[in-house]
Amino acid sequence: MIYFDNAATSFPKPPAVIQAMAEFMATTSASPGRSGHRMALEAGRVVFETRETVAELFNVADSSRIIFTINVTWALNLVFNGLLKPQDHVVTTSLEHNSVMRPLTRLVKHRGIELTVVPAGADGIVDPAQVALALTPRTRLIVINHASNVTGSIAPISAISQIKGQALLAVDAAQSAGSIPIDMNRLGIDLLAFTGHKALLGPTGTGGVCLAPGINLEPLVTGGTGSRSEHEEHPDFFPDCLEAGTPNTIGLAGLRAGVDFIRHTGLEKIREHEQALTRRLMDGLAEIPEITVYGPADPMAKVPLVSITVAGFPADEICLRLDRDFGVATRGGLHCAPRAHRTIGTFPHGTIRFSLGLFNTFDEIDVALAALRQIVSHRQSYR
Ligand SMILES: Cc1ncc(COP(=O)(O)O)c(C=O)c1O
């Protein structure tokens, strides 16, 4: 199998991730922050070290302001539900994933927030000037997809941060974390939501949100934390104030190993390899006249993700053929971001998405290109 579905979840995971999880399961699998015995303390240490490792990756000064969740969807729900009050105005873009659009749409209906969706260009690029125009004195939050899961385009976060005024800036880093450098401070991000199982190379069931100093949220869930057990009120200190219940400790052991792997390999090196793969794929696609490529033409302006359509073929059919006849895994359709497809003109059928990862090779790109050429040129025999 040639795996080009890393934007859904990355595969394979580094052996160190599998090993860390298996080792944790076999030796340390106690409940962190609860009991006082050495296994529980060791489990607590793993959770703490994961927080520290993630903090270092995103340049978060105080790791206790990283709240672990089970994925970025949960983290975004925590941000929106924990921050927004009736009458608050939110600005977002037409490139957002359903994990942003659905909770915000729900809050429009049930909490009376106001939502403005700034249209991105047909190339999948958001213009900060358009975001600035949408701001009002009541704008509480700007929500931006750091890298589109449909076009791969990287949003101008720094520029948006400079025009945000009194609004807070929340970034959905689902597709960027682990693929491009993110320095929360330097980029001026107030709330950074991430998922562990994509380019951070961790397992599913991990993710979180990093909160800049001074930002607090109402919790989404309250309950046991292992701290202040004598009180029936939930603790008010970080990170316990926004976490409750036994965490996914095994997953966090894996996430730490994934982030460690990235740091030891070097994000610059990873980015270089992924860009070279993307360039090879895009150059090859440009030579097939039936294929239209969406998003920025420059691999430097995107994460390693390429969306295409093939004239005369539904997206799903191409994905099916690639999988069945050539062992190439891609994803077809709307990728949980219908508005992004309206923006680039591919709604309702969507695109065929090749999302590349660190472990892909140039040979694999060449196999996929040859497969596409064969599918297109043998159209009749396929029908
Ligand atoms: C941009 C974006 N946001 C949010 C998500 C949701 O990620 P998760 O399922 O890990 O919560 C995804 C991926 O599916 C995504 O690509």
Side-chain angles (χ1 to χ4, degrees), residues 3-11 13 54 67-81 92-106 117 120 124-126 141-155 157 160 169-180 182 189 191-210 220 248 251-252 254-255 258-259 274 294-296 302-307 329-344 346 350-357:
Y3 189 79
F4 289 144
D5 198 16
N6 289 279
T9 196
S10 57
F11 180 85
K13 307 296 181 189
V54 172
I67 307 305
F68 286 132
T69 60
I70 57 166
N71 51 39
V72 74
T73 302
W74 192 276
L76 290 162
N77 272 270
L78 168 61
V79 169
F80 304 151
N81 284 279
T92 192
T93 82
S94 66
L95 295 179
E96 305 307 310
H97 191 274
N98 277 340
S99 59
V100 166
M101 292 312 296
R102 286 181 175 172
L104 287 179
T105 301
R106 191 163 187 281
V117 182
I125 305 281
V126 176
L141 188 67
I142 302 171
V143 189
I144 298 280
N145 190 349
H146 195 180
S148 165
N149 59 313
V150 173
T151 63
S153 48
I154 298 170
I157 298 293
I160 291 169
L169 176 60
V171 170
D172 171 1
Q175 296 298 342
S176 56
S179 197
I180 53 178
I182 300 177
I189 298 170
L191 304 108
L192 179 74
F194 63 94
T195 210
H197 65 100
K198 300 185 196 271
L200 289 178
L201 304 175
T204 51
T206 58
V209 57
C210 314
L220 207 51
N248 177 11
L252 292 175
L255 178 60
V259 176
E274 291 181 346
Y294 298 86
K302 58 200 285 173
V303 290
L305 177 165
V306 182
S307 255
T330 57
R331 179 168 170 190
L334 296 176
H335 316 108
C336 299
R339 221 185 257 251
H341 285 278
R342 289 187 194 277
T343 304
I344 65 172
T346 50
T351 56
I352 302 131
R353 184 179 74 181
F354 294 78
S355 51
L356 317 179

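Whatever order the structure lists ligands and atoms in, that order sets their numbers, starting from 1.
- Listed by chain and number, residues touching ligand 1 at under 4.0 Å (heavy atoms only) are Asn71, Val72, Thr73, His97, Ser99, Asn145, Asn149, Asp172, Ala174, Gln175, Thr195, His197, Lys198.
- A donor-acceptor pair is defined here as one N or O able to donate and one able to accept, closer than 3.5 Å; no such pair exists between the side chain of Lys198 and the backbone of Asn6.
- Evaluation of the side-chain contact (heavy atoms from CB on, under 4.5 Å) rule for Thr92 yields Glu96, Val100, Met101, Leu104, Leu115, Val117, Val143 as partners, not counting sequence neighbours.
- Not a single donor-acceptor pair under 3.5 Å links the side chain of His146 to the backbone N or O of Val171.
- Contact between Ala75 and Val209 at its shortest, heavy atoms only, is CB-CB, 4.0 Å.
- Using the six-membered ring where Trp is involved, Phe194 and Phe68 have ring planes that are perpendicular, over 60° apart on the 30 and 60° scheme.
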Start with the C-alpha distance between Thr343 and Val150, add both sets of side-chain angles, then the distance that settles side chain to side chain contact (heavy atoms under 4.5 Å, CB included), and finish with yes or no. CA-CA 10 Å; Thr343 304; Val150 173; over 6 Å; no

